[in-house]
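Report on the structure given below.
Just so it is clear, the structure is predicted and the values come from calculations on it, not from any experiment. To find a chain, count down the sequence lines: A is the first, B the second, and so on, and within it residues start at 1.
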2 protein chains.
Amino acid sequence: MVLIQINRRTNKIGFKTLPLENSLLHDSSQPGHLDIKQIRSSCATCSLRELCLPVGLNDQEIQILGDVVSHKRKVRRGGYLHQSGLKFQSLFAIRSGFLKTCVLEEDGRQQVTGFHMTGELLGLDAISTEIHTCDAIALEDSEVCEIPFTKLEEIGIIIPSLMRHFHKIMSREIVRDHSVMLLLGSMKAEERLASFLLNLSRRFFLRGYSETDFNLRMTREEIGSYLGLKLETVSRAFSKLQEENIITVDHKHVRINDINRLKIKMGNSSCIT
Amino acid sequence: MVLIQINRRTNKIGFKTLPLENSLLHDSSQPGHLDIKQIRSSCATCSLRELCLPVGLNDQEIQILGDVVSHKRKVRRGGYLHQSGLKFQSLFAIRSGFLKTCVLEEDGRQQVTGFHMTGELLGLDAISTEIHTCDAIALEDSEVCEIPFTKLEEIGIIIPSLMRHFHKIMSREIVRDHSVMLLLGSMKAEERLASFLLNLSRRFFLRGYSETDFNLRMTREEIGSYLGLKLETVSRAFSKLQEENIITVDHKHVRINDINRLKIKMGNSSCIT
DNA sequence: CGAGGCCTTGATGCACCTCAACCGACGTGG
DNA sequence: CCACGTCGGTTGAGGTGCATCAAGGCCTCG
């Protein structure tokens, strides 16, 4: 087993070999770098009820779900929520924070497959083989609710509306992936960035934040990886949009000055859903 | 309502306005172009038991599923199985034939999101909004089993292993989409084509066909759309692989002469799943 | 036979990649 | 304290892989 060390400033990750029994994810007593903690929580009082898995459930059903989703875990910036190749047991609902998922190729390149914020569900890809197929890495200190998948399937039998909503969430993920495929397959750099920003904007808005003024949690390189571009191209596209006064960029801070012109930039293509 | 007319040779589609009651998909009495027929079928005797939804079910469970999946429909080459924007009611399991799914943009461009063969499930994207988000078009005369989704959810409660397998199928679709995103985001034209051919090869093999010798059902343009390339580039990539004696191409017919070198061409990247 | 669809191949241009230099922010160590 | 290294970001110069445009061949069908 390895202990993951995170340089808090640079966000770089190092490894240290440890005896096997120091399990990566389940030993919350380990001091220091992997500070994943388990805390009782309840869906009933969660502010994300309307965004997350409990959508459409009544109070009693939420209670049942809340009993299954009994653990909260914290992941520090740069830390792994799960790693590719590890056994799948639970889905994770993001309670706070911001994460990316990415697949790592043998040659070291990584492709970001998604950025994820509060209320979203992680781990759906792992249901198929019961092995995680991607890494989930926190881009800022985050909290997630752990949802043991077998238990979710069990209570899904008791609560059909939960099962139904779960199917919709999985399906929505497929639709989202299709729109990213469309983006990667047919859009130009500037269109891709516009589409990306509009997608972020909408998701921040849904969560009660400003849709025109936000901080990016990811680097240019991570954006590029997600959009199928090199970081220089992303940077140039940012500059171009700024020159045209459509957005204002200052490092990680983005303000959308003219959301309509940004939508026009995106072209006729439908946005990432 | 519109009646779809298909030029059988050119595979082009025209529209004719009809009174509303001539429903597109459910009027099998309409002569001519939309010859979708309904035939009783049963999962119990289907040769695709091991590939399709019934995987892992016992005889009694298969009987229950078979009663729900009571209709077969035929779609002629060039015909729609479903269209973007229409209401979602059923999933479709492909019994025979070959289909593509594609999203159409407002400006007329279309992006192929997948090619689908026997035993595969179509319509998963529509669960989320209960509206189809893409078109499914037959690339050769095809037969599908219609699975009313609400009924599937109902019997899923009785047959947990069915529900579980269904979740795995949805998850597998997500994994597949991620690997296409990786392909579109980071591979070169030749790598993309190699990955595509190897994917087809494996899927034909799983169905008992030759893994080195098969006919493509789609045009260069459709391949290009799927792979994020122009048809000329696809054609050139075919020629290049042929020059190097890795494959032999004759119009739609492909023979893989050296599957290992084809895998090397694909690079270190993992194949489309 | 002609028309149209599908495919191939060549010539040219351009969007993005690659390489490189440089900047500012930040943390570290002498 | 400042010099230095590292990282993330920006910008420029030049190269290239693919798109675009165009011509022509093969095949099928009417």
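Using a 4.0 Å heavy-atom criterion, one finds that B:Gly224 contacts no nucleic acid atom at all. Note on A:Lys252: only backbone sugar-phosphate atoms sit closer than 4.0 angstrom, heavy atoms only; bases stay farther off. Residue B:Leu231 is in base contact, counting any heavy-atom pair closer than 4.0 Å across all strands shown.
Remark: P of C:dA15 and CZ of A:Arg192 are 13 Å apart, rounded to the nearest angstrom. Rounding to whole angstrom units, NE2 of residue A:His253 and C1' of D:dG8 are separated by 18 Å. As rounded to whole Å, 12 Å separates atom P of D:dC18 from atom CG of B:Leu183. The separation between B:Lys230 atom NZ and D:dT20 atom C1' is 9 Å, rounded to whole Å. Taking atom CD of residue A:Glu191 and atom C1' of nucleotide D:dA19, one finds them 14 Å apart after rounding to whole Å. Atom NZ of A:Lys240 is separated from atom C1' of D:dG12 by 17 Å (rounded to the nearest Å). Rounded to a whole Å, the CD1 atom of A:Ile223 is 13 Å from the P atom of D:dG8. Nucleotide D:dT10 holds its P atom 12 Å from the CD atom of A:Glu243, rounded to whole Å.
Between B:Arg236 and B:Glu190 there is no salt bridge, since no side-chain nitrogen of the basic residue lies less than 4.0 Å from a carboxylate oxygen of the acidic one. Taking the charged nitrogens against the carboxylate oxygens, B:Arg217 and B:Glu140 do have a contact shorter than 4.0 Å, which makes a salt bridge.
Remark: B:Ser235 is not in phosphate contact with C:dT9, judged by side-chain N or O atoms under 4.0 Å from OP1 or OP2. Dashed line: the shortest gap from a side-chain N or O of B:Thr233 to OP1 or OP2 of D:dA19 is under 4.0 Å. Listed pair A:Lys188 / C:dC16 fails the phosphate criterion, with no side-chain N or O lying under 4.0 Å from OP1 or OP2.
Contact of A:Glu221 with D:dC7 (side chain to base): no donor-acceptor pair of N or O atoms is detected under 3.5 Å. Judged by atom type and distance alone, A:Glu232 reaches the base of C:dC19 through a side-chain donor-acceptor pair under 3.5 Å.
B:Tyr226 has its ring centre less than 6.0 Å from the ring centre of B:Phe115.
Side chain of A:Asp135 to main chain of A:Ser84: a donor-acceptor pair is present (N/O by atom type, distance under 3.5 Å, no hydrogens or angles). Side chain of B:Ser225 to main chain of B:Glu221: no donor-acceptor pair is present (N/O by atom type, distance under 3.5 Å, no hydrogens or angles).
For B:Thr219, counting side-chain heavy atoms from C-beta on, the closest listed nucleotide (D:dT11, D:dG9, C:dC6) is C:dC6.
Projected onto DNA chain D by closest heavy-atom contact, A:Arg236 and B:Leu229 fall at different nucleotides, the more 5' of which corresponds to A:Arg236.
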